[in-house]
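So you know, we letter chains A, B, ... as the sequences are listed, proteins then strands, and number each from 1. Just so we're clear, the structure is a prediction, and the values are computed from it rather than from any experiment.
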There are 2 protein chains.
Amino acid sequence: MTRKYTTLEDVALAAGMSRAQVSRALRGDPGVKPETREHVAQVAKTLGYQPNIAARALVSAQPDTVGIIIGEPTNPFHIQLAQAIDAELQRVGLDSVVSLRAQDDPATLREGDRLLRLRVAGVILISKPRNKEALAALAEQLPCVYLGKRVNHSNVSTIDIDDKSGVEQAIGHLIALGHRRIAHLAGTVEISARERTAAYRAAMRHAGLAANVVMGTHDVASGRRGVDTLAEQGEFPTAIFASNDAIALGAIDRLKGRGLRVPEDVSVIGFDDIPDATSEMLALTTVRQDVDQQAREAVAALQLLAFSTVRKVIRKVLPVSLVVRRSAGPPRN
Amino acid sequence: MTRKYTTLEDVALAAGMSRAQVSRALRGDPGVKPETREHVAQVAKTLGYQPNIAARALVSAQPDTVGIIIGEPTNPFHIQLAQAIDAELQRVGLDSVVSLRAQDDPATLREGDRLLRLRVAGVILISKPRNKEALAALAEQLPCVYLGKRVNHSNVSTIDIDDKSGVEQAIGHLIALGHRRIAHLAGTVEISARERTAAYRAAMRHAGLAANVVMGTHDVASGRRGVDTLAEQGEFPTAIFASNDAIALGAIDRLKGRGLRVPEDVSVIGFDDIPDATSEMLALTTVRQDVDQQAREAVAALQLLAFSTVRKVIRKVLPVSLVVRRSAGPPRN
DNA sequence: GTGAAAGCGCTAACAG
DNA sequence: CTGTTAGCGCTTTCAC
């Protein structure tokens with residue numbers, strides 16, 4: 001149906017002035033008489049004028065669009081982050097193009113080409129492409145901000161969270177409550193998971209307590225299995241620190257299945273603060289990562305990398321904080 | 001860092017011919033000598049040429065971009081659909097712009113403006129904006145294909161699935177297995193949810209069985225609560241039909257938590273066939289909606305609406321089919 | 001087969 | 001404050 005769009009020219013004609021002036025008026029350029037501005041706005045509205053982005057982009061050298069590449073689109077947490085970044089981008093007057101294509105599939109590089117063709121100012125990546133080459137190739141072409149563990153590339157800024165501190169807060173909380181036997185249900189695959197496990201060991205050692213790590217993965221099923229494993233070990237721990245909320249959820253489920261109450265019999269702490277954790281039933285004590293803050297930092301980092309004259313790469317680690325709800329309490333005796 | 005991009009002119013210069021010819025060669029235009037084409041491709045590659053999409057869009061009248069608006073971005077199923085649509089769009093040579101902004105927030109209409117400015121050929125909406133005005137306003141401006149329950153707007157094509165048939169298949173399967181006490185964990189908000197519940201009631205009535213509906217929402221937590229509610233009712237059902245897979249997952253989770261085995265003690269059937277349903281552990285029997293087919297139909301509908309000369313609105317209802325896995329079996333005695 | 005010229009819709013100097 | 005003049009990078013007639 002090849003629509004016929006209203007152009008600046010049409011508006012100019014109807015308003016009885018030049019295209020240039022109409023353009024200025026519409027964009028809020030300072031040098032325009034207020035009444036002119038108003039009149040133009042009026043005419044533009046009645047004509048249903050919408051500026052043609054392509055034309056605008058073509059003529060103005062500075063690109064104002066940023067690509068967002070989502071690592072695992074089916075992970076709601078990643079989407080949540082993408083939404084926050086999108087909103088933040090909008091807030092600072094930038095536009096965004098989000099890519100749903102998984103980073104690991106062979107199309108990823110093509111996706112980089114697409115962004116290049118779109119002349120985006122830079123790219124924000126949520127979670128890493130598993131193969132480093134893809135990231136490197138992208139970084140070769142465009143300023144990149146990567147949300148995840150620090151990566152050593154001279155063209156990539158990274159925004160990370162302080163896993164170590166989060167773990168220390170969690171373990172510290174449990175110890176303060178009086179727990180001594182604190183087990184850890186670990187993730188194995190992600191770098192952040194390994195970092196959390198290492199931090200757990202360190203914190204326990206530091207407190208003069210024995211570490212007890214059950215390996216697993218960052219999902220609900222793993223939490224269930226973890227509890228079964230702990231049960232087979234003999235003396236059950238009084239507290240469990242899970243490497244993420246999904247594991248914690250699974251663990252709580254299995255604990256209840258075994259007739260153990262949370263937190264009366266066993267305390268549980270998670271990591272991430274996913275929406276489910278808030279639920280009245282669960283009331284999971286957990287380590288929160290601030291999504292909005294991550295978004296803000298990521299956008300700021302990109303601006304620094306793509307728009308400033310200094311072109312500075314930054315590596316930032318954001319603080320996390322323990323959110324105390326009801327899943328952790330003092331041990332029984 | 002205002003990059004300096006290679007332009008067609010640069011390539012033309014380096015290849016020793018005109019921009020026009022380079023353009024033709026690169027796009028695979030018929031009237032180009034094969035050796036010329038190859039030479040040009042070679043030069044373009046070494047120069048790292050990437051066509052400027054904005055310029056291309058500006059000059060060629062026909063838009064080749066389609067907007068995808070995702071209803072609930074945090075619903076993995078919607079993302080899955082969006083990915084499928086994106087892939088299908090790509091397959092037919094169209095580009096896509098996906099919007100993560102929730103359709104219900106006040107920014108939705110602005111989002112329509114954004115798409116208008118982008119000069120997209122049309123929009124594919126995954127699940128409806130709750131307020132009809134938003135959809136109507138959008139449809140006023142652009143050809144729309146809406147994935148969800150039929151909507152009576154002369155500018156909107158709809159692609160829907162046959163919820164009723166899906167429910168009948170699920171309930172029929174349970175009855176055939178010998179179940180009599182079949183409870184339903186319902187969603188309440190979505191139109192499709194209400195349709196499924198109505199179909200459940202009809203199917204039960206038709207079989208001369210008593211309906212038992214527990215209201216809830218289309219998420220995991222609701223499934224957990226639903227089981228608790230059923231438990232309070234006294235005699236526990238031998239089978240549960242959940243309005244979607246998320247509910248089914250939550251229900252199974254809680255059933256196991258209560259020491260009930262699936263399907264030995266309680267059978268469970270879901271709806272959607274999300275990736276999780278396939279998992280070895282879960283093996284959820286569920287009603288599959290074919291995501292790829294929906295994507296294909298949606299894209300085809302949009303092409304009909306936006307690119308064909310006839311400009312035809314269509315309303316399609318796609319079949320669904322029961323996928324039998326292990327979460328439903330015969331009742332205990 | 002290939003080149004020259006025109007122009008898509010817009011913004012950005014530069015004059016007034 | 002406002003109009004005029006150039007293009008941005010590309011595709012598309014229309015010639016040769």
Side-chain angles (χ1 to χ4, degrees), chain A residues 2-41 43-44 47-65 93 95 113 116-121, chain B residues 2-41 43-44 47-65 93 95 113 116-121:
Chain A
T2 322
R3 319 176 104 271
K4 202 56 201 101
Y5 284 97
T6 317
T7 73
L8 211 50
E9 176 95 53
D10 301 331
V11 180
L13 240 48
M17 69 190 73
S18 74
R19 285 187 330 228
Q21 198 58 356
V22 171
S23 169
R24 286 190 277 252
L26 255 25
R27 274 172 306 135
D29 198 298
V32 179
K33 234 198 302 186
E35 52 199 86
T36 310
R37 184 191 307 289
E38 206 163 321
H39 178 219
V40 169
V43 174
L47 260 49
Y49 171 73
Q50 295 286 358
N52 183 326
I53 297 237
R56 188 175 273 182
L58 186 57
V59 69
S60 57
Q62 270 290 334
D64 64 346
T65 301
D95 207 351
D113 285 355
L116 238 30
R117 284 202 269 270
L118 250 20
R119 301 291 188 263
V120 299
Chain B
T2 321
R3 319 176 102 270
K4 211 38 209 116
Y5 284 96
T6 314
T7 74
L8 210 50
E9 176 95 52
D10 301 332
V11 180
L13 241 49
M17 69 191 73
S18 73
R19 288 190 324 231
Q21 199 58 356
V22 171
S23 169
R24 286 190 276 253
L26 254 23
R27 274 172 307 134
D29 199 297
V32 179
K33 235 196 304 186
E35 51 199 86
T36 310
R37 184 190 309 288
E38 204 162 325
H39 178 219
V40 168
V43 174
L47 259 49
Y49 171 73
Q50 294 286 358
N52 182 327
I53 297 235
R56 188 175 273 182
L58 186 58
V59 68
S60 58
Q62 270 292 333
D64 64 345
T65 301
D95 207 349
D113 286 354
L116 238 30
R117 284 201 269 270
L118 249 20
R119 299 291 188 265
V120 298

### Summary
Heavy atoms of Arg37(B) and Ala25(B) approach each other most closely as NH1-O, 3.3 Å
### For Glu38(B), all residues meeting side chain to side chain donor-acceptor pair (under 3.5 Å), sequence neighbours excluded
none
### Task
Quick one: list whatever passes side chain to side chain donor-acceptor pair (under 3.5 Å) with Gln50(A), sequence neighbours left out.
Asp113(B), Arg117(B)
### Task
Could you list the residues that satisfy side-chain contact (heavy atoms from CB on, under 4.5 Å) with Thr65(A), not counting sequence neighbours?
Asp95(A), Val97(A), Val120(A)
### Summary
Nearest heavy-atom contact between Arg119(A) and Thr6(B) is NH2-O, 4.2 Å
### Task
Kindly give the heavy-atom pair with the smallest separation between Val22(B) and Ala12(B), and that separation in Å.
CG2-CA, 3.7 Å
Show me the protein contacts with nucleotides 1-4 of chain C, counting only N or O atoms at under 3.5 Å.
residue : atom : partner  : partner atom : Å
dT2(C)  : OP1  : Thr36(B) : OG1          : 3.0
dT2(C)  : OP2  : Gln21(B) : NE2          : 3.0
dT2(C)  : OP2  : Lys33(B) : N            : 3.1
dT2(C)  : OP2  : Thr36(B) : OG1          : 3.2
dT2(C)  : O5'  : Gln21(B) : NE2          : 3.3
dG3(C)  : OP2  : Ser18(B) : N            : 3.1
dG3(C)  : OP2  : Ser18(B) : OG           : 3.1
dG3(C)  : N7   : Arg24(B) : NH2          : 2.8
dG3(C)  : O6   : Arg24(B) : NH1          : 3.3
dG3(C)  : O6   : Arg24(B) : NH2          : 3.2

### Query
Which residue pairs pass the salt bridge (charged side-chain N to carboxylate O under 4.0 Å, His left out) test when at least one of the two sits in residues 25-34 of chain B, sequence neighbours left out?
none
## Note on the structure
To the nearest angstrom, the CZ-C1' distance between Arg119(B) and dG9(C) comes to 9 Å
### Task
Specify the residues of residues 47-57 of chain A, ordered by number, for which at least one heavy atom lies under 4.0 angstrom from an atom of DNA chain D.
none
### Query
For Tyr49(A) and Leu26(A), which heavy atoms make the closest approach, and how far apart are they?
CE2-CD2, 3.6 Å
### Message
My understanding is that only residues two or more places apart in sequence, or in another chain, count here; which of them pass salt bridge (charged side-chain N to carboxylate O under 4.0 Å, His left out) with Arg19(A)?
### Response
Glu9(A)
#### Entry: DNA chain D: 5'-most and 3'-most nucleotides touching chain B, 4.0 angstrom heavy-atom criterion
dG9(D) to dT13(D)
## Note on the structure
Residues passing the side-chain contact (heavy atoms from CB on, under 4.5 Å) test with Ala57(B), sequence neighbours excluded, are Ala54(A)
### Message
By the salt bridge (charged side-chain N to carboxylate O under 4.0 Å, His left out) test, which pairs, at least two apart or in different chains, include something from residues 52-64 of chain A?
### Response
none
#### Entry: With sequence neighbours excluded, residues passing side-chain contact (heavy atoms from CB on, under 4.5 Å) with Ser18(A)
Ala20(A), Gln21(A)
### Task
Could you identify which residues of residues 7-15 of chain A place a heavy atom less than 4.0 Å from some atom of DNA chain C, listed by residue number, or say none?
Thr7(A), Leu8(A)
